[in-house]
Amino acid sequence: MEFNEVMEKRHSSRDFKKEEIIDEETLREIIKVAGLSPSWENSQPWNVYIATGENLEEIRKGWIAENEKEIKGSADMNPGHRTNFSERGQKNMADFMEDIGIFREDEELEYFFHVQHILFNSPAIVYLTLPKNYTRWSVYDLGGFGMSILLAATNLGIDSIPAYELVKYPYIIRDHLPVPEDEDIIMGIALGYESDDKINEYESPRLDLDEILKIN
Ligand SMILES: Cc1cc2nc3c(=O)[nH]c(=O)nc-3n(C[C@H](O)[C@H](O)[C@H](O)COP(=O)(O)O)c2cc1C
């Protein structure tokens with residue numbers, strides 16, 4: 001695939017075919033390619049844990065139970081308050097929640113929350129960690145690494161979504177994966193093959209180039 005095609009094809013899928021699994025060799029290939037990402041002085045601060053099969057089903061069960069009890073998220077990296085985002089950012093976020101709600105005319109926002117709680121039905125979830133006390137530069141590096149995972153997956157015909165939802169109950173992840181206490185679970189990426197559910201057709205709009213770019 002041409003690079004621009006990969007960029008245009010990648011989008012966040014929110015409902016996967018759980019039975020269509022990704023083999024271990026392919027998962028290894030995606031992470032290996034992502035490892036070509038740049039990082040501060042080549043520090044390569046990332047660690048990767050992938051849950052599949054029974055382990056993932058246990059995590060999913062825990063997730064559904066916590067969400068049913070309406071337990072508030074407590075991600076290792078605090079998401080902060082909405083007001084920490086710029087005014088423009090807050091407006092884009094509000095538009096997103098409204099659009100994705102009305103996009104499914106039938107059950108509206110409820111379905112959006114339902115797929116979050118079942119971890120998007122995905123057959124493989126990638127967890128990205130950093131050693132505790134990471135610098136902000138490592139967060140920058142991890143973001144690039146995460147994007148490379150998304151693109152490497154797309155290039156192999158695999159769909160994905162990066163989501164805060166996937167890391168909001170880190171203690172459940174720790175119960176089922178060997179993440180040491182001295183690492184923070186920063187972000188999760190669900191991988192799989194998207195279903196034909198309408199929610200996967202939603203396209204998040206982008207700002208006009210001139211709103212974000214100044215060349216002088
Ligand atoms: C840091 C981060 C956190 C996100 N968290 C969620 C989430 O919890 N739930 C969700 O449905 N989408 C989540 N997303 C996906 C965004 O909504 C999506 O990337 C954005 O709308 C742009 O759409 P696209 O990925 O389809 O291009 C997250 C994306 C990022 C980068």
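Remember, predicted model here, so these are calculated numbers, not experimental data. All ligand and atom numbering here is 1-based and tracks the order in the structure.
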Under a 4.0 angstrom heavy-atom cut-off, which atoms of ligand 1 come close to Gln116?
7 (C), 8 (O), 9 (N), 10 (C), 11 (O)

Polar contacts were defined as any N/O atom of the residue lying under 3.5 Å from an N/O atom of the ligand; does this apply to His11 and ligand 1?
no

For atom 5 (N) of ligand 1, what's the nearest protein heavy atom and its distance?
Tyr164 N, 2.9 Å

Is Glu201 paired with Lys198 through a side-chain N to carboxylate O contact shorter than 4.0 Å?
no

Aromatic plane relationship, Tyr171 with Tyr169 - under 30° parallel, 30 to 60° tilted, over 60° perpendicular:
tilted

Ring-plane angle category for Phe145 and Trp46, please: parallel below 30°, perpendicular beyond 60°, tilted otherwise.
parallel

Can you list the ligand 1 atoms lying under 4.0 Å from a non-hydrogen atom of Ile161?
10 (C), 11 (O), 12 (N)

Minimum-distance protein heavy atom relative to atom 21 (O) of ligand 1
Ser204 OG, 2.7 Å

Are the charged groups of Lys132 and Asp182 less than 4.0 angstrom apart, N to O?
no

Does this structure show an ion pair linking Glu58 with Lys61, if we count only N-O contacts that are shorter than 4.0 Å?
yes

Numbering as shown, the atoms of ligand 1 that approach Phe96 to under 4.0 Å (heavy-atom distance)
17 (O), 21 (O)

Decide, yes or no, whether a salt bridge links Arg174 with Glu181 under the criterion of side-chain N to carboxylate O below 4.0 Å.
yes

Report the part of Glu8 (side chain from C-beta onward, or backbone N, CA, C, O) that has a heavy atom under 4.0 Å from ligand 1; answer both or neither where that applies.
neither

Let's go through Ser195 and Asn200 carefully: what are the C-alpha distance in whole Å and the side-chain angles of both, what is the deciding distance for side-chain contact (heavy atoms from CB on, under 4.5 Å) to 0.1 Å, and is it a yes or a no?
CA-CA 8 Å; Ser195 75; Asn200 293 328; 3.6 Å; yes

Shortest heavy-atom approach to atom 17 (O) of ligand 1 - which of Met93, Arg14, Glu165:
Arg14

When distances are taken from atom 7 (C) of ligand 1, the protein heavy atom at minimum range is Ala163 CB, 3.5 Å

Atoms of ligand 1 under 4.0 Å from any heavy atom of Phe112, numbered from 1 in the order shown, are 11 (O)

Under 4.0 Å from one or more heavy atoms of Ser12, ligand 1 contributes atoms 15 (C), 18 (C), 19 (O), 24 (P), 25 (O), 26 (O)

Yes or no: does Arg10 have any heavy atom under 4.0 Å from an atom of ligand 1?
yes

Steps toward side-chain contact (heavy atoms from CB on, under 4.5 Å) verdict (Ile212, Arg88):
CA-CA 11 Å; Ile212 60 166; Arg88 187 180 78 182; 3.8 Å; yes

From the list Asn78, Asn84, Thr83, side-chain hydrogen bond (donor to acceptor under 3.5 Å, both in side chains) with His81 holds only for Thr83

Between Pro162 and ligand 1, does any nitrogen or oxygen pair lie at a separation below 3.5 Å?
yes

Ligand-residue contact atoms, ligand 1 with Met187, heavy atoms, under 4.0 Å:
1 (C), 2 (C), 3 (C)

